[in-house]
Amino acid sequence: MKQLMKGSAALGEGAIQAGGGAYFGYPITPQNELTEYMSRRMLEERRVFIQAESELAAINMVFGASVAGARAMTSSSSPGVSLKQEGISYMAGCELPGLIVNVQRGGPGLGNISGSQADYFQAVRGGGHGDYQVIVLTPASVQEMYEMPSMAFSLSEKYRTPALILTDGILAQMQEPMELVKINAARSGDQSWILDGCKGRAPRKIRSLLMEEGALEAHNRHLQKKYIEIKNKEQRYQLINEQAEIMLVAYGVSARVCYTAVQEANRKGLKVGLLRPITVWPFPEKIIQELVPQVKAFLVIELSAGQMVEDVNLAVNGKTPVYFYGRAGGACVTPEEVIKEIGKI
Amino acid sequence: MKKLFGKPESLTTVNHKYCPGCGHGIVHRLIAEVIDELGVREKTIGIAPVGCAVFAYDYWNFDVTEASHGRPPAVATGIKRVLPDRVVFTYQGDGDLAAIGMAETIHAANRGENITVIFINNAIYGMTTGQMAPTSLLGMKTTTTPFGREAKIAGYPIKVSELLVTLEGTTYLARGAVDSAKHVLEAKKAIKKAFEIQLSGKGYSLVEILSQCPPNWKMSVPESLEYVRKEMMTQFPLGVIKDKTGMTV
Ligand SMILES: Cc1ncc(C[n+]2csc(CCOP(=O)(O)OP(=O)(O)O)c2C)c(N)n1
Ligand code: SF4
Ligand SMILES: [Mg+2]
């Protein structure tokens, strides 16, 4: 049965249905509705909710809850996610699962509170210090906001690395019909690293400090091997009109704008399609490489000054022209603007 | 034959990397003895800091995690809220607890988290080789206060335990030292009481230990012990600073 739900509430409920055991947050617009939703629902479900003293504290509470074996998460918006980067790097180094949600807003600095996609680099290039990656998922509807936490938790547990849901203020505040489908809450992956007291087993240690000769290099080799496996196995995307000559590439809210633009362009007889990355790390480069021979041009649409376009360029590798159109500072692209850009190709 | 002295089960056989005379090793042992005596080794989760005690996870024979610099109280909060029946403690230096991690310290205390904090006050940043700590004494020469700590430039030494007294969430706050056999025994009693408070669900406990750091104080071991007694104890008096339980040590 379909019902109307707000993006932020759908994401929160999705995390709860996925067995999220602990939520830690700190207020920041435009993600307050998520923290508020969790403050009520997590207590109703007798799970852990804490309004932390800062985003730093929140991500380190996630670290602790994850160490103790819970499906743990935090959410914030851009400036707050910047503060979490050290903690995310530690989680990657210690190979801890966990979920971070970034409801992006305009930047840099305090910026504004409009939806934006300007934290793409931060999300997919590591963000914090050291050679690491987090798995980055991008919902484009309220339905996906609801279903993605489950996917994020399982991928993050399977590969023992943090997962990030990269969304924005528009999707989080949008209401849309959706269905509360059954969510998979089964924990995945090996759990023999959890700290719950050493009864009946040898004590366990969780650490990212590796000072012995060669130990840190070996650990990095292990991490990189894991990241390559994720790259090979977990690229996800949606493709509309695979025969298109002009392929739009957009994720999240800008993909929504592109849906409308594609329909309009098709009505005019233009062979336009859309590739919507669902994972932006790993970036769906394989499908882009497959599309290269048939596509005359890629047009990347983002609510940023041009970040994901770099990944498209890397995948295309100069074999097909890549165009970019975006608006930064919390401004939104319209379908008319996209059509106009298509016309320029 | 009765064994009078030996290695507590809660300590591993890994050799400590601490300098001769350092207080850290003594406090590690006191914690291990207390955990053995309370019979909670198999349900204890420790949190090692970033500081000289960063290798504590190699020295304790129970579950231990690291935490980023200053965040052990937040990590402990996450663990304890998920596993409320386990014994969770943090072990932190003065830089970790009272500078970079002061917000986490105060808010974990204010929430009355049912955890134990062991706070090693050596008035210096040991690991990074001798910079000023928030607890460095006025006039103290460090690598970042080469002319001695001057209040006008660097503020005053923070009395952490006294600072936490006003927070209703704190149950037990005590200060000890490890400069003499007598003080070591008293410190152990305070640590034991702090863990007992946690075990009985009575809330937040913190034991501050004045600890010597001879190399970074540029002193011999005997000189450093004298410094603890004469200078540190004047600024940071020993004793129970707050006890809401009415339990006797
Ligand atoms: C974010 C961050 N900032 C700075 C450091 C460097 N650092 C490591 S230990 C330390 C201070 C240690 O002093 P204290 O907490 O008093 O512990 P001690 O070594 O004296 O026991 C600092 C500043 C770090 N590791 N991480
Ligand atoms: S530097 Fe100081 S605190 Fe660190 S191990 Fe040496 S004596 Fe101990
Ligand atoms: Mg210190």
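These numbers come from a predicted model, not from an experiment. Below, chain A is the first sequence line, B the second, and so on; all start at residue 1.
- Between Arg41(B) and Pro203(A) the shortest heavy-atom distance is NH1-CG, 4.2 Å.
- At a 4.5 Å heavy-atom cutoff, the contact between Ser208(A) and chain B is made by backbone and side-chain atoms alike.
- When heavy atoms are compared at a cutoff of 4.5 Å, Val50(B) approaches chain A solely by way of its side chain, counted from C-beta outward.
- Only the side chain of Ile50(A) comes within contact range of chain B, with heavy atoms under 4.5 Å apart.
- The candidate with the highest count of non-hydrogen atom pairs below 4.5 Å against chain B, out of Asp196(A), Val62(A), Leu56(A), is Asp196(A).
- Using a 4.5 Å cut-off between heavy atoms, Ser68(B) touches chain A through backbone and side chain atoms alike.
- A distance of 5.0 Å separates CG of Leu209(A) from CZ of Phe55(B), quoted to the nearest 0.5 Å.
- Note that CE of Met102(B) and CD of Glu53(A) are 13.0 Å apart. Values are rounded to the nearest 0.5 Å.
- Summarising the local packing, CD of Glu212(A) is surrounded by more than 12 heavy atoms from other residues, nucleotides or ligands at distances under 6.0 Å.
- Contact of the Lys43(B) side chain with the Lys199(A) side chain is not registered, since no non-hydrogen atoms from C-beta on lie closer than 4.5 Å.
- Contact count versus chain A (heavy atoms, under 4.5 Å) is highest, among Val40(B), Ile106(B), Val88(B), Asp58(B), for Asp58(B).
- Chain B forms more heavy-atom pairs under 4.5 Å with one residue of Gly64(A), Gly21(A), Ser54(A) than with any other, namely Gly64(A).
- Per-residue heavy-atom pair counts under 4.5 Å with chain B were compared for Cys198(A), Ala68(A), Ala65(A), and the maximum is reached by Cys198(A).
- The two residues Ala74(B) and Ala57(A) come nearest to each other via the heavy atoms CB-O, 3.6 Å.
- Counted within 6.0 Å of OH on Tyr156(B), heavy atoms from surrounding residues, nucleotides or ligands total 12 or fewer; the atom is thus considered open.
- Minimum heavy-atom separation, Cys94(A) to Glu66(B): SG-OE2, 3.3 Å.
- Of the atoms belonging to Arg81(B), heavy atoms from both backbone and side chain fall under 4.5 Å from chain A.
- Among all heavy-atom pairs drawn from His69(B) and Tyr90(A), the shortest one is N-OH, 4.2 Å.
- Arg111(B) touches chain A through its side chain: at least one heavy atom from C-beta onward sits under 4.5 Å away, while N, CA, C and O do not.
- In this structure, the side chain of Asp63(B) engages the main chain of Gly197(A) through a donor-acceptor pair within 3.5 Å.
- For Glu44(A), the CD atom is densely surrounded, since the number of other residues' heavy atoms within 6.0 Å is greater than 12.
- Side-chain atoms of Leu195(A) and Ile79(B), non-hydrogen and from C-beta on, never get closer than 4.5 Å to each other.
- Residue Leu216(A) qualifies as enclosed at atom CG: its count of foreign heavy atoms under 6.0 Å is above 12.
- The neighbour count for Tyr26(A) OH, taken as heavy atoms of other residues, nucleotides or ligands under 6.0 Å away, does not exceed 12.
- Residue Arg201(A) touches chain B through its side chain alone, counting heavy-atom pairs closer than 4.5 Å.
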